[in-house]
Amino acid sequence: PRVTDGELWKSKWHNKAKGKPYYEVEVDASIDDVAFSGDSCRFAVAHSKRVDVHDAAKGSFLFMVETDRQIYRIECSRDGRQLAIGTRWDRRALQIWDMHSGKHKLFEHQMRKGCRHLAFSPCGTFIAVANKSQVERVCPRTGSVKLQKTVQEQEGVSSVAASPCGNVRY
């Protein structure tokens, strides 16, 4: 069910910061991840199998994206146009959505054991994705995937980062 703005947002006054307003997001489940768009216009809140996207300036609910899998991570592109969702299972482990409308999926990528970590490159041409044992570089425009590293599951991958020159760090 779609939630109205009044049910999701409460405007409050913070008395310790010179009376500036802040907004509080309320959800009916625990929050799995939060991501701000690179242009600071929107932010996304992931909980369970759903991502709610909000207008950062007005504090209003814009739209939601539902997935068929539990969500591990979400990430917004630097330009604020794309929302990447990393889910817990193989099929559709990485999904990229239009951040402005949320109406269509731009890209899907299958990854064994799900997509635990992800990071957009600063230029927006690729995404670094990782599960417990492998790191990949995915280019949504062309659909190309390049395996960057395989590690022992006992060591595991704890995070990923993408550099402007095309390198992936883990």
Side-chain angles (χ1 to χ4, degrees), residues 1-3 25 27-39 42-54 61-170:
R2 196 165 191 114
V3 192
V25 177
V27 294
D28 55 354
S30 64
I31 294 175
D32 296 314
D33 201 8
V34 176
F36 283 86
S37 64
D39 61 1
R42 296 191 161 113
F43 71 94
V45 179
H47 51 99
S48 188
K49 297 178 183 180
R50 191 171 97 187
V51 178
D52 295 331
V53 178
H54 306 274
F61 173 80
L62 297 173
F63 62 86
M64 72 177 164
V65 173
E66 289 187 287
T67 66
D68 58 347
R69 305 285 186 226
Q70 185 71 26
I71 297 170
Y72 266 136
R73 296 277 184 260
I74 57 174
E75 182 82 20
C76 299
S77 64
R78 193 174 201 174
D79 62 6
R81 289 191 220 162
Q82 299 174 9
L83 170 67
I85 302 172
T87 63
R88 296 183 188 260
W89 306 108
D90 300 1
R91 283 188 54 240
R92 293 179 240 161
L94 170 67
Q95 300 175 21
I96 300 176
W97 294 78
D98 184 304
M99 186 72 168
H100 292 289
S101 68
K103 293 190 180 191
H104 59 88
K105 209 175 296 183
L106 302 174
F107 181 78
E108 280 186 351
H109 173 60
Q110 187 170 335
M111 187 171 200
R112 192 172 159 257
K113 298 183 184 177
C115 180
R116 289 181 171 264
H117 308 284
L118 45 97
F120 274 98
S121 65
C123 57
T125 56
F126 70 92
I127 298 177
V129 296
N131 59 22
K132 284 184 178 181
S133 60
Q134 67 184 30
V135 179
E136 295 177 347
R137 179 182 166 177
V138 178
C139 182
R141 288 187 190 131
T142 63
S144 67
V145 177
K146 181 179 178 187
L147 179 65
Q148 297 289 310
K149 180 81 174 172
T150 302
V151 297
Q152 296 293 324
E153 258 190 59
Q154 294 84 358
E155 296 172 32
V157 177
S158 59
S159 65
V160 293
S163 72
C165 63
N167 292 328
V168 174
R169 300 286 177 220
Y170 39 88

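Computed from heavy atoms alone, side chains included, the values below leave out hydrogens, waters and symmetry copies. Note that this is a predicted model, so its numbers are computed, not measured.
- With His54 as reference, Phe43 is the one residue of Phe63, Phe43, Phe36 to meet the ring-ring contact (aromatic ring centres under 6.0 Å, His included) rule.
- The side-chain heavy atoms of Ser48 and Gln70, taken from C-beta on, include a pair separated by under 4.5 Å.
- Within the 4.5 Å cutoff, no side-chain heavy atoms of Met111 are placed close to those of Leu94.
- A distance of 9.5 Å separates CD in Glu75 from CG in Leu83, rounded to the nearest 0.5 Å.
- To the nearest 0.5 Å, atoms CD1 (Ile71) and CG (Asp33) are separated by 9.0 Å.
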Stepwise side chain to side chain contact (heavy atoms under 4.5 Å, CB included) test for Cys76 and Arg42: CA-CA 9 Å; Cys76 299; Arg42 296 191 161 113; over 6 Å; no
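- With rounding to the nearest 0.5 angstrom, the CD1 atom of Ile96 is 10.0 Å from the CD atom of Glu108.
- Arg116 has its side chain out of reach of Val157: every pair of non-hydrogen atoms, C-beta onward, lies at least 4.5 Å apart.
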Residues Gln152, Ser133; criterion side chain to side chain contact (heavy atoms under 4.5 Å, CB included); working and verdict: CA-CA 6 Å; Gln152 296 293 324; Ser133 60; over 6 Å; no
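- Atom NZ of Lys146 has 12 or fewer neighbouring heavy atoms from other residues, nucleotides or ligands inside a 6.0 Å radius.
- For the atom pair Gln95 CD and Lys105 NZ, the distance stands at 4.0 Å (nearest 0.5 Å).
- In this structure, OG on Ser159 lies 9.5 Å from CZ on Arg73, to the nearest 0.5 angstrom.
- Not one N or O on the side chain of Ser37 forms a donor-acceptor pair closer than 3.5 Å with the backbone of Gly80.
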Steps toward side chain to side chain contact (heavy atoms under 4.5 Å, CB included) verdict (His47, Asp52): CA-CA 8 Å; His47 51 99; Asp52 295 331; 2.9 Å; yes
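- Minimum interatomic distance between Thr125 and Cys139 (heavy atoms only, all atoms of both residues): O-SG, 3.4 Å.
- Counting heavy atoms from C-beta outward, Val138 and Phe107 have side chains that approach closer than 4.5 Å.
- Atom CZ of Arg81 sits in a sparse spot, with 12 or fewer heavy atoms from other residues, nucleotides or ligands closer than 6.0 Å.
- With rounding to the nearest 0.5 Å, the separation of CD in Glu136 from CD1 in Ile127 is 12.0 Å.
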